[in-house]
There are 2 protein chains.
Amino acid sequence: MDVARGEVLVISTSVACRSCQARHGVVCGALSAGQLSELGRHSLRRKVDAGCEIIAQGSENSFYSNITRGVVKLCKVMSDGRQQIVGLQFAPDFVGRPFVRESTLSAEAATDAEICVFPRNLLERMILETRELQRSLHAQALNELDAAREWMLTLGRRTAEEKVASLLHLIAAHAETATSTAFDLPLSRAEIADFLGLTIETVSRQLTRLRKEGVIRIENIRHITVPDMDALAKKISG
Amino acid sequence: MDVARGEVLVISTSVACRSCQARHGVVCGALSAGQLSELGRHSLRRKVDAGCEIIAQGSENSFYSNITRGVVKLCKVMSDGRQQIVGLQFAPDFVGRPFVRESTLSAEAATDAEICVFPRNLLERMILETRELQRSLHAQALNELDAAREWMLTLGRRTAEEKVASLLHLIAAHAETATSTAFDLPLSRAEIADFLGLTIETVSRQLTRLRKEGVIRIENIRHITVPDMDALAKKISG
DNA sequence: ACGGAGATTTGATCTGGATCAAATCGCAAT
DNA sequence: ATTGCGATTTGATCCAGATCAAATCTCCGT
C-alpha cells in the first residue's frame with residue numbers, strides 16, 4: 001500500500017481495526033464485528049508528523065483514512081502557487097473522497113497525528129454493502145458541506161478582523177479541553193493566512209490588535225487564551 | 001403543506017411522482033415504482049417565479065424538493081445585511097438539508113423554475129429505507145462539497161477578473177445548449193456580486209473589461225456569448 | 001410614445017489589506 | 001552562550017477593489 005511517509009506503528013492483522021478501537025473513527029464506528037475484522041486485516045495504523053502529506057492534489061485516491069488523533073488540513077493550490085485551505089478535519093473524521101479517481105485537493109497533517117489507513121477498494125465495497133457506513137459518511141459529507149458554506153461566507157464577506165476571530169472561534173470549538181478557553185493553534189501564521197484568504201502580515205496584525213483590545217492573550221506563538229469567549233464571539237458579525 | 005408561494009400546477013395523486021417523470025430528479029430517479037407511487041401521493045409540483053424564496057434561512061426544514069427546471073441559489077445572510085451566495089443548483093438537483101431541523105441558509109429561485117416538493121418526514125424515512133436513495137443523495141452531497149471547496153479557492157485567492165471569469169465558466173458549463181458558447185445569466189449583477197464576494201460596480205467593470213478584451217460579448221444585460229471558450233478559461237488561473 | 005423606477009454602467013475618490021522592507025523572536029545545532 | 005535561520009512582528013507605502021456619486025439603460029405600465 002503506497003501511503004504517506006510516516007512511521008508505521010502497527011500492522012493490524014488482529015480481528016478488529018486496532019487503530020480505531022480506542023477512539024472510533026467515522027468508518028470503524030459504523031461496521032459490524034465481522035467487517036471490522038476484515039478491514040483490520042488490511043488497515044495500517046500510521047503516525048504522521050506535522051507537515052506530512054497524506055494525499056497529494058492530483059494524485060490517485062488509492063486509500064482512505066480515519067483520523068484518530070491530531071488535525072488534518074485540506075488544501076488546494078493553484079499553478080502559480082496561491083493556495084487556500086478548504087477544510088480542517090479532526091479526530092474521528094474520515095479523510096478521502098469516495099468514488100472519485102483523482103484527488104482535487106491535498107490532505108496534510110497540520111499537527112502530529114495518527115491515522116488509520118484503509119485500501120480504497122475495500123472501503124468502497126463496504127460503503128456499498130453497509131447501510132450504516134453509507135449513512136455515517138453521508139452525515140459527515142453533509143456536515144463538511146455546512147462547514148464549507150459557513151466558511152464561504154467568511155471568505156467572501158467578512159473583514160480581516162472578523163476572519164481571524166472566526167478562525168479562533170472555530171479552533172476553540174474543536175479544542176480538547178472542556179473549557180476551551182485556552183488552546184494551541186494547530187496552524188502556523190502562513191497556514192492561517194491560507195485558510196482566511198489573507199497574507200501573513202495581516203493575520204499577525206489582526207492577532208496583535210485582538211490582543212491589544214484584550215480579547216485574547218497570546219501566551220506564546222502557538223498558544224492562545226480567551227478570557228471571555230463572548231467577547232471573541234462579538235467580533236464575528238452573525 | 002406550507003411551501004413557497006407559487007402556482008401549484010399539479011397535485012400528484014397519480015401512481016408516480018408526475019413532476020419528476022419527464023426529467024428525473026435526484027430523488028425520484030432512485031426510487032422503486034412502489035415508492036414513487038407513495039411519494040407521488042404526497043408530493044406537489046410547483047412553478048416558482050424568479051425571486052421566490054423556497055426555504056428561508058432559520059426556518060424549519062419541513063420539506064425538500066427536486067428541481068425539474070430552472071436555477072436555484074443558496075444564500076446566507078448576516079444580521080447586518082451582508083450576504084453570500086454559497087451555491088447554485090440546477091435541474092435535477094435535490095434541494096434541502098436532510099437530518100437537520102433548522103435551515104442555515106435560504107434557497108431562492110434565481111430564474112423561473114419548477115420544483116417537485118416532498119414532505120420532510122416521508123423523504124427522510126425513504127432515505128433510511130432505501131439504499132439507492134441514500135447513495136444518490138450522498139453522491140450529490142459529495143459533488144456539492146467539491147463545488148463548494150472549488151469556490152472557496154475562488155473567493156479566497158482569485159482576483160476580481162478571475163472571479164468573474166470563473167462565474168461565466170461555471171454558468172457556461174451548466175448551460176442547456178450543446179455548444180454553451182452563448183447563454184443567459186441566471187443572476188443579476190447584484191447576485192453575481194454576492195456569489196463572488198464583490199460589489200456590483202466591480203462586477204460591472206470586470207464584465208466590460210472582458211468585453212473590451214474581446215473575451216465575451218454582452219448581447220444584452222442577461223445574455224452573454226463567448227466566442228472562444230479557451231480564451232475565457234485562460235482568464236482563470238488554475 | 002412617454003414617464004418612472006429600478007438595474008446597470010461609468011466616473012472620482014477613498015481605504016483595507018497587499019506588498020515591500022526591516023527588525024525581532026524562537027529555537028535548534030554547535 | 002553563540003550562531004544561524006526560519007517564523008513572526010512591525011513599519012512604510014501601494015493598489016485592487018470599495019465607496020460615493022451621477023449618468024444611462026431597460027422595461028413596465030399608462
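Each chain gets a letter, A, B and so on, in the order the sequences are listed, and its residues count up from 1. All values derive from a computational prediction rather than experimental measurement.
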Residue [X], side-chain heavy atoms: nucleotide from [options] that is nearest:
X	options	result
S188(A)	dT8(D), dT8(C), dA18(C)	dT8(D)
R211(A)	dT10(D), dG17(D), dG17(C)	dT10(D)
I221(A)	dA18(D), dG17(C), dT8(D)	dT8(D)

[X] [atom1] to [N] [atom2]: how many Å, rounded?
X	N	atom1	atom2	answer
Q206(B)	dT10(C)	CD	P	12 Å
E201(A)	dT10(D)	CD	P	13 Å
L187(B)	dT8(C)	CG	C1'	15 Å
I218(B)	dA7(C)	CD1	C1'	14 Å
D194(A)	dT8(D)	CG	P	12 Å
I200(B)	dA21(D)	CD1	C1'	13 Å
R222(A)	dT8(D)	CZ	P	7 Å
R82(B)	dA18(D)	CZ	C1'	13 Å

Non-hydrogen atoms of A193(A) and T199(A) that approach each other most closely:
CB-C, 3.6 Å
Would you please test F63(B) and F118(B) for ring-ring contact (aromatic ring centres under 6.0 Å, His included) and show each step?
CA-CA 6 Å; F63(B) 59 92; F118(B) 330 109; 9.8 Å; no
Tell me whether the side-chain N/O atoms of [X] come closer than 4.0 Å to OP1 or OP2 in [N].
X	N	answer
S204(B)	dT9(C)	yes
T208(A)	dT9(D)	no
T199(A)	dG17(C)	no

Using heavy atoms to find the nearest nucleotide of DNA chain D for N220(B) and R189(A) separately, return the residue whose nucleotide is more 5′.
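Looking at DNA chain D, the more 5' nearest nucleotide goes with R189(A).
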Whichever of R205(B) and R205(A) has the more 5' nearest nucleotide on DNA chain C, that residue is R205(B)
Less than 4.0 Å between a side-chain N and a carboxylate O, is that true for E114(B) and R45(B)?
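Yes, R45(B) and E114(B) are salt-bridged.
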With heavy atoms under 4.0 Å as the rule, sort L207(B) into base, sugar-phosphate or nothing.
nothing
Quick one: which of Q206(B), E213(B), H169(B) gives a side chain to side chain donor-acceptor pair (under 3.5 Å) with K235(B)?
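Output: one option passes, namely E213(B).
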Could you check whether any side-chain N or O of S59(B) sits under 3.5 Å from a backbone N or O of A56(B), counting only pairs where one atom can act as donor and the other as acceptor?
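Yes, the answer is positive, given that a donor and an acceptor are paired below the 3.5 Å cut-off.
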